[in-house]
Amino acid sequence: MDEQQEKKTSLPCDPQTEEELELLEKYDHIFIGSFSHTLDSKGRMIVPLSFREGLGKVFCIGPSFNFEGICLYPRLVWAKMRDGYAKISQFDSGLKRYLEQFDAMSYRDQECDSQGRILLPAKIRKRILGDETEVEIAGNNDHVRIVAKPASEEQFEAFKNDLPGLLDRIDLLMQNMEHASQNTKG
């Protein structure tokens, strides 16, 4: 089959170039999607299969950057983040308090049980989720984030309120990127 016939039989979802293949591979391994779940009486919840696969057999549980959510981190992601916090805390003694709290609410060597559930440790669960049992578990690029359902709804409402300004910024940045791309070609 010659190149012209091959292009006709390929689908729009099939990569046509090495660059497109690299782009697909780049985004094949990020966490995306959002699911509603309920914590059981022991503080367990089901982790969606796509998230379990990305986390690996053993992962870390810890707070989100702003301590408003509980995150499931692949071990390497957690280690890189922890290392970055340790490095910057050397320059600012106040940041050592942040690191202390981050460490206090981080848990290594976590696994899902045979039913795909995790047990959220009581301390982090109580401090971040309070008494909430309805949660949203969502992909967040290189980790998975768990927040109480009311907090998730508030965050989405705030996002919707900010959306017109965000869309304007996206449009402007896209125009700037296109302009810069044209200048490098010409």
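Keep in mind it's a predicted model, so treat the numbers as computed, not measured.
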- Are L167 and F159 joined in one hydrophobic group, where the rule is that I, L, V, M, F, W and Y side chains link up if heavy atoms are under 4.5 Å apart? yes

- Message: Contact between I70 and V135 at the side-chain level, heavy atoms closer than 4.5 Å - yes or no?
- Response: no

- Message: What verdict does the side chain to side chain contact (heavy atoms under 4.5 Å, CB included) test give for Y107 and K123, after you've listed the backbone C-alpha separation in whole Å, the side-chain angles of each residue and the deciding distance to 0.1 Å?
- Response: CA-CA 11 Å; Y107 301 85; K123 185 175 187 175; 3.5 Å; yes

- Message: Please say yes or no: joined through hydrophobic side-chain contacts below 4.5 Å, possibly via intermediate residues, are M81 and F59 part of one cluster?
- Response: yes

- Item | Any N140 side-chain heavy atom under 4.5 Å of C71 side chain | no

- Do the non-hydrogen side-chain atoms of L99 and R82 ever get within less than 4.5 Å of each other? yes

- Hey, could you give me the NZ/CZ distance between K57 and R52, rounded to the nearest 0.5 Å? 12.0 Å

- Message: Applying a strict under-4.5 Å side-chain criterion to I, L, V, M, F, W and Y, I'd like to know whether F156 and L166 cluster together.
- Response: yes

- Is there a donor-acceptor contact under 3.5 Å linking the side chains of D171 and Q175? yes

- Query: CD1/I118 to CD/Q110 distance, rounded to the nearest 0.5 angstrom?
  - Reply: 8.0 Å

- Task: Without swapping roles, check the side chain of E132 against the backbone of L129 for a donor-acceptor pair under 3.5 Å.
- Result: no

- More than 12 heavy atoms of other residues, nucleotides or ligands under 6.0 Å from CD1 of I32: is that the case? no

- Query: Is the closest side-chain heavy-atom distance between S64 and H143 below 4.5 Å?
  - Reply: no

- Task: Flag the pair Y73 / F31 as yes when their ring centroid distance falls below 6.0 Å, and as no otherwise.
- Result: no

- Note on the structure: d(L55 CG, C60 SG) to nearest 0.5 Å is 10.0 Å

- Under a single-linkage definition using a 4.5 Å side-chain heavy-atom cutoff for Ile, Leu, Val, Met, Phe, Trp and Tyr, are L76 and W78 assigned to the same hydrophobic cluster? no

- Task: Answer yes or no: does atom CD1 of I46 have more than 12 heavy-atom neighbours from other residues, nucleotides or ligands under 6.0 Å?
- Result: no

- Test R97 against E100 for salt bridge (Lys or Arg N to Asp or Glu O under 4.0 Å), laying out the working first. CA-CA 5 Å; R97 288 181 44 223; E100 288 170 1; over 6 Å; no

- Task: Determine whether more than 12 heavy atoms belonging to other residues, nucleotides or ligands lie under 6.0 Å from atom CG of D131.
- Result: no

- How about R44: does its CZ atom have over 12 heavy atoms from other parts shown lying under 6.0 Å from it? yes

- Would a 4.5 Å heavy-atom cut-off, applied to side chains only, mark R117 and D40 as touching? yes

- Message: Once rounded to the nearest 0.5 Å, what's the spacing between atom CZ of F51 and atom CG of L72?
- Response: 9.0 Å

- Query: Are side-chain N/O atoms of S36 and E136 paired as donor and acceptor at under 3.5 Å?
  - Reply: no

- Euclidean distance, R125 CZ relative to T133 OG1, rounded to 0.5 Å: 10.5 Å

- Under a 4.5 Å cut-off applied to non-hydrogen side-chain atoms, are D142 and P74 in contact? no

- Message: Please verify the inter-ring angle class for F67 with Y98; under 30° counts as parallel, over 60° as perpendicular, anything in between as tilted.
- Response: perpendicular

- Non-hydrogen side-chain atoms of E68 and Q155 separated by less than 4.5 Å: yes

- Task: Decide yes or no for L120 and I128: does some side-chain heavy atom of the first lie under 4.5 Å from some side-chain heavy atom of the second?
- Result: no

- Message: Nearest 0.5 angstrom please: K96 NZ to I88 CD1, how far?
- Response: 12.5 Å

- Query: Can any side-chain N or O of E178 pair as donor or acceptor with the backbone N or O of N176 at less than 3.5 Å?
  - Reply: no

- Query: Looking only at atom types and distance, does a side-chain atom of E111 sit under 3.5 Å from a main-chain N or O of D109, one as donor and one as acceptor?
  - Reply: no

